[in-house]
A.B. asks: 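The structure under discussion is supplied below as structure tokens; questions concerning it will follow.
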Amino acid sequence: MGLKTQTNTMTRQQIILLLLISWVCGLAAMIWLIRRAILLQRVRDRVFASDEPPEPNVGDERGGFLSRWLFVSGFRSRYALPMFLGLSIAGLACGVLTLFLIESSGVVRQMIQLLDVIPGHVGEVFMPMAYLAPWFVAWMFAAAPALVVRAARQRRVTQVEQDLPITLDLLSTLAQAGLGFDQSLDRILAAQRAERPLTQEFRVFQYDLLAGRPRVEALRRMARRIEVPWFSIFVSALVQAEQIGSGLAEVLRAQAH
């Protein structure tokens with residue numbers, strides 16, 4: 001009986017060791033592929049570099065749901081989707097391995113035994129938590145990349161909503177002073193921090209105009225890139241003013257209010 005128990009223990013340890021080795025090898029291969037893709041992109045950027053300032057990398061604003069979600073969250077590299085999927089798979093593997101280790105270690109059984117000896121059947125209230133704790137840990141590992149993207153999206157929306165009122169107020173003031181929309185936008189962007197999402201999107205809007213896109217199309221593309229309700233209302237007002245030929249000063253004043 002003791003020999004059989006020892007054999008089962010050795011088999012379990014071998015399985016755990018094999019799982020650990022497989023997970024480490026898979027994670028190392030994924031990291032190597034990501035680093036290789038980043039290095040290749042840097043080499044291409046240096047080879048095809050020019051004296052002109054490069055247009056910001058805005059990625060593909062259309063596509064599937066996952067690509068779109070990554071795009072509006074600010075992850076716009078061409079490798080964003082493969083990296084997200086790779087990290088999600090690695091997190092899932094890590095979660096499954098953690099679940100297996102917890103179940104094999106007997107921690108859950110010990111917790112249940114401790115809860116069972118609590119007088120008054122109080123431990124029965126916490127029994128479901130003891131059973132679900134390993135699964136919750138596994139879910140946290142698997143959902144970590146999605147939680148990071150979700151936090152980035154919320155942070156981006158918050159920054160846009162913080163910067164939009166002051167930007168509209170400045171646009172309205174400069175328009176009343178007699179400046180056109182493009183000149184007003186240049187002055188405002190020069191005074192704002194370049195890393196803010198709204199500033200970056202207005203810069204891309206200017207690149208679209210320089211590339212020859214119609215103003216209405218450039219405005220709609222900017223609204224799709226940001227995808228914030230209040231900003232979409234502002235863009236709709238600008239598009240309507242552009243189409244009917246009304247004065248932008250009145251529209252900007254109304255939007256600022």
Side-chain angles (χ1 to χ4, degrees), residues 38 41-42 44-46 48-62 68 70-78 80 149 151-257:
I38 294 175
Q41 181 62 30
R42 290 178 179 175
R44 293 192 190 98
D45 292 340
R46 291 180 180 179
F48 297 104
S50 61
D51 296 333
E52 299 179 358
E55 181 178 351
N57 181 21
V58 298
D60 184 12
E61 64 190 55
R62 299 183 184 274
R68 177 70 184 164
L70 292 171
F71 182 87
V72 297
S73 301
F75 299 95
R76 299 182 177 180
S77 171
R78 68 184 69 182
V149 176
R153 171 61 180 165
Q154 291 179 343
R155 182 172 61 252
R156 185 177 177 85
V157 171
T158 301
Q159 291 177 350
V160 170
E161 291 179 345
Q162 289 174 349
D163 294 344
L164 184 58
I166 184 64
T167 302
L168 292 179
D169 194 16
L170 292 173
L171 284 172
S172 175
T173 302
L174 293 175
Q176 292 177 7
L179 291 179
F181 180 78
D182 294 332
Q183 292 81 5
S184 302
L185 187 59
D186 281 333
R187 292 196 175 189
I188 293 173
L189 295 182
Q192 292 181 344
R193 289 185 293 176
E195 68 273 9
R196 302 292 285 186
L198 191 61
T199 303
Q200 295 175 353
E201 298 303 338
F202 272 123
R203 288 294 185 192
V204 178
F205 166 75
Q206 291 180 329
Y207 277 108
D208 283 343
L209 295 181
L210 292 175
R213 294 186 185 273
R215 184 180 295 272
V216 172
E217 181 183 353
L219 288 170
R220 289 173 176 168
R221 281 168 54 88
M222 182 169 58
R224 288 196 300 267
R225 289 194 302 269
I226 295 180
E227 206 172 89
V228 175
W230 288 111
F231 188 80
S232 299
I233 294 173
F234 161 67
V235 170
S236 298
L238 288 182
V239 169
Q240 184 179 6
E242 185 73 20
Q243 290 176 341
I244 66 178
S246 61
L248 286 178
E250 298 179 0
V251 174
L252 292 173
R253 190 184 311 116
Q255 290 297 314
H257 289 311

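Below, each value reflects all heavy atoms present in this structure, side chains not excepted, and no hydrogens, waters or symmetry copies.
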A.B. asks: Using side chain to side chain contact (heavy atoms under 4.5 Å, CB included) as the criterion, list what pairs up with Val157, not counting sequence neighbours.
C.D. replies: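 Residues passing side chain to side chain contact (heavy atoms under 4.5 Å, CB included) with Val157: Arg153, Glu161, Val228.
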
A.B. asks: Where do Ser184 and Ala175 come nearest, in terms of heavy atoms and distance?
C.D. replies: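 Shortest heavy-atom contact: OG-N, 4.1 Å.
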
A.B. asks: Report the C-alpha separation of Arg156 and Glu227 in whole Å, then their side-chain angles, then the decisive distance to 0.1 Å, and conclude whether the salt bridge (charged side-chain N to carboxylate O under 4.0 Å, His left out) test is met.
C.D. replies: CA-CA 10 Å; Arg156 185 177 177 85; Glu227 206 172 89; over 6 Å; no

A.B. asks: Is the closest side-chain heavy-atom distance between Leu179 and Arg187 below 4.5 Å?
C.D. replies: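 Leu179 vs Arg187: side chains touch.
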
A.B. asks: Between Asp163 and Arg193, is there a side-chain heavy-atom distance shorter than 4.5 Å?
C.D. replies: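 SC-SC contact between Arg193 and Asp163 ruled out.
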
A.B. asks: Side chain to side chain donor-acceptor pair (under 3.5 Å) for Gln200 and Arg203? Distances and angles first, verdict last.
C.D. replies: CA-CA 5 Å; Gln200 295 175 353; Arg203 288 294 185 192; over 6 Å; no

A.B. asks: Stepwise, does the salt bridge (charged side-chain N to carboxylate O under 4.0 Å, His left out) test hold for Glu242 with Arg220?
C.D. replies: CA-CA 12 Å; Glu242 185 73 20; Arg220 289 173 176 168; over 6 Å; no

A.B. asks: Any side-chain heavy atom of Gln159 sitting closer than 4.5 Å to one from Leu198?
C.D. replies: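 Not in contact.
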
A.B. asks: Using a 4.5 Å cut-off on heavy atoms from C-beta on, say whether the side chain of Arg221 contacts that of Arg224.
C.D. replies: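 Yes, close enough: below the 4.5 Å cut-off.
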
A.B. asks: Could you tell me if the side chain of Gln192 sits less than 4.5 Å from the side chain of Thr167, heavy atoms only?
C.D. replies: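 In short, these two side chains touch, coming nearer than 4.5 Å.
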
A.B. asks: Given side chains that start at C-beta, do those of Phe181 and Arg215 come closer than 4.5 Å, heavy atoms only?
C.D. replies: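 Touching, per the 4.5 Å side-chain cut-off.
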
A.B. asks: Do you know which two heavy atoms are closest between Phe205 and Met222, and how far apart they sit?
C.D. replies: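 Minimum heavy-atom contact is CB-SD, 3.7 Å.
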
A.B. asks: Does Ser172 use its side chain to pair, donor to acceptor, with the backbone of Leu168 at less than 3.5 Å?
C.D. replies: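 Checking the backbone N and O of Leu168 against the side chain of Ser172, no donor-acceptor pair under 3.5 Å is found.
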
A.B. asks: So Leu174 and Gln183, do their side chains get closer than 4.5 Å, heavy atoms only?
C.D. replies: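 SC-SC contact between Gln183 and Leu174 ruled out.
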
A.B. asks: Return the minimal non-hydrogen interatomic distance between Val235 and Leu219, and the atom names on each side.
C.D. replies: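 The answer is CG1-O, 3.4 Å.
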
A.B. asks: Does any part of the side chain of Ile233, heavy atoms only, come nearer than 4.5 Å to the side chain of Trp230, both counted from C-beta?
C.D. replies: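 Yes - at least one pair of side-chain heavy atoms lies under 4.5 Å apart.
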
A.B. asks: Which pair of non-hydrogen atoms, one from Thr199 and one from Ala194, has the smallest distance, and what is that distance?
C.D. replies: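 Heavy atoms of Thr199 and Ala194 come nearest at CG2-CA, 4.2 Å.
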
A.B. asks: In Å and rounded to the nearest 0.5 Å, what is the OG to CZ distance from Ser236 to Phe231?
C.D. replies: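 Here the rounded value is 10.0 Å.
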
A.B. asks: Quick one: closest heavy-atom pair of Ala152 and Ser73, and the distance?
C.D. replies: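 Shortest heavy-atom separation between Ala152 and Ser73 comes out as CB-O, 3.9 Å.
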
A.B. asks: Nearest 0.5 angstrom please: Phe202 CZ to Leu189 CG, how far?
C.D. replies: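 Reported value, rounded in 0.5 Å steps: 7.0 Å.
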
